[in-house]
Amino acid sequence: MQPAQFAVFGHPIGHSLSPQIHRAFAQQFGISLDYRTIDATPADFAAAVRRFFAEDGHGANVTVPHKAAAFALADTRSEAASRAGSANVLTRLPDGRLAAHNTDGAGMVRDLTERHDMDLRGHTALLLGAGGAAHGVAWNLLDAGVETLTIVNRSPEAADALADAIGEPARAHTRYWEDLASIGSYDLIVNATSAGLLGVSLQLPFSLLGARALCYDLSYGAAAASFLAWAKTAGARYAFDGLGMLVETAADAFELWHGQRPDTEPVYQLLRSAT
């Protein structure tokens, strides 16, 4: 019997740890699966996804730059995917339709609160970026008890659109990128920009960090290095990359597909020791 087919779509995608993570999860339950990377350009993404599922694909993870396209492609959408307007998981339903999920925000909050033992309640938070990654985590930060969420993006229209979608002006609002040096300090700073992936430094002012600041980059490895170096130089009390978030979001997808919840900690520690 052929193993169940899974994949992760992205562009580029060669660096992805998702195949290693899902294989490690599968080993915990003795599950046989085939999990591969599929590099698809934005123009080819929809056709590549349809081909994968037509050829007996069961589930797929989706990463940059395809999360909004994955959401648009789906026939049904989870609440988290609907409010984010993006999806990082696609699942083929028994009738052949595609279901979209977004596990980014839940994975990030679980990484922070359970793995790193952080309490986000009452924090003033600064969210850098307003693209698909930011949409994936913004609501979960508020659900986790963040007091206020200030969204800053180089394109102010995108930041305003995210704040409007959240619809809680007393808690979620926007400021201009040009004002970063004068908008005060924050307890929590989340980097949801693509700067690290593009090898670009954000050039952020140190004044953004509060006395007990927690900094978190949704990226991991080399892509998060510049932001974390800035955070540590600026005196952040805590600075984490998104490796734990990656493992947690993968666990959510694995549970959706296999009906069993994997133990994430040994997989996280294995990946961390290799970085």
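- Contact annotation: the side chain of Phe227 approaches that of Leu128 to within less than 4.5 Å [non-hydrogen atoms, C-beta and beyond].
- Side-chain atoms of Leu271 and Tyr220, non-hydrogen and from C-beta on, never get closer than 4.5 Å to each other.
- Taking 4.5 Å as the limit, every side-chain heavy atom of Asp252 sits out of range of all side-chain heavy atoms of His101.
- Applying the side-chain hydrogen bond (donor to acceptor under 3.5 Å, both in side chains) test between Asn88 and each of Asn61, Thr103, Thr249 identifies Thr103 as the sole match.
- No side-chain heavy atom of Arg92 sits less than 4.5 Å from a side-chain heavy atom of Phe52.
- In this structure, the side chains of Arg272 and Asp241 come closer than 4.5 Å at one or more pairs of heavy atoms.
- A donor-acceptor contact under 3.5 angstrom links the side chains of Thr264 and Arg115, judged on distance only.
- Counting only residues at least two apart or in different chains, side-chain hydrogen bond (donor to acceptor under 3.5 Å, both in side chains) contacts with residues 204-214 are absent.
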Checklist entry - Could you go step by step and tell me if Phe25 and His258 meet the side chain to side chain contact (heavy atoms under 4.5 Å, CB included) rule? => result CA-CA 10 Å; Phe25 287 163; His258 303 285; over 6 Å; no
Next on the checklist: Working note: Tyr238 + His116, criterion ring-ring contact (aromatic ring centres under 6.0 Å, His included); need CA distance, chi angles, decisive distance, verdict.
Outcome noted: CA-CA 9 Å; Tyr238 305 101; His116 299 298; 8.9 Å; no
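- Contacts classified as salt bridge (Lys or Arg N to Asp or Glu O under 4.0 Å) and involving residues 163-178 (residues at least two apart or in different chains) are given here: Glu168-Arg171.
- Under the 3.5 Å distance criterion, with hydrogens and angles disregarded, a donor-acceptor pair is assigned to the side chains of Tyr216 and Asp111.
- Put simply, the side chain of Leu162 does not reach to within 4.5 Å of the side chain of Thr174, judged on heavy atoms.
- Residues Leu112 and Leu214 are in side-chain contact: their nearest non-hydrogen atoms beyond the backbone lie under 4.5 Å apart.
- Among residues two or more places apart in sequence or in another chain, the ring pair (Phe, Tyr, Trp, His ring centres under 6.0 Å) test is passed with Tyr35 by His22.
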Checklist entry - Does the pair His135 and Phe71 meet the rule for a ring-ring contact (aromatic ring centres under 6.0 Å, His included), with working shown? => result CA-CA 12 Å; His135 278 255; Phe71 175 81; over 10 Å; no
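- In the model, His173 has a side-chain atom that pairs as donor or acceptor with a side-chain atom of Thr150 under 3.5 Å.
- Taking Phe29 as the reference, Phe254 meet the ring pair (Phe, Tyr, Trp, His ring centres under 6.0 Å) condition, with sequence neighbours excluded.
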Got a list of side-chain donor-acceptor pairs under 3.5 Å for residues 184-191, not counting sequence neighbours?
| unit_1 | atom_1 | unit_2 | atom_2 | d |
| --- | --- | --- | --- | --- |
| Asp187 | OD2 | Thr124 | N | 3.0 |
| Asp187 | OD2 | Thr124 | OG1 | 3.2 |
| Asn191 | OD1 | Thr193 | N | 3.1 |
| Asn191 | OD1 | Thr193 | OG1 | 2.8 |
| Asn191 | ND2 | Asp217 | OD2 | 2.9 |

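- For residues 62-82, the set of pairs meeting the side-chain hydrogen bond (donor to acceptor under 3.5 Å, both in side chains) definition, not counting sequence neighbours, comprises Lys67-Asp104.
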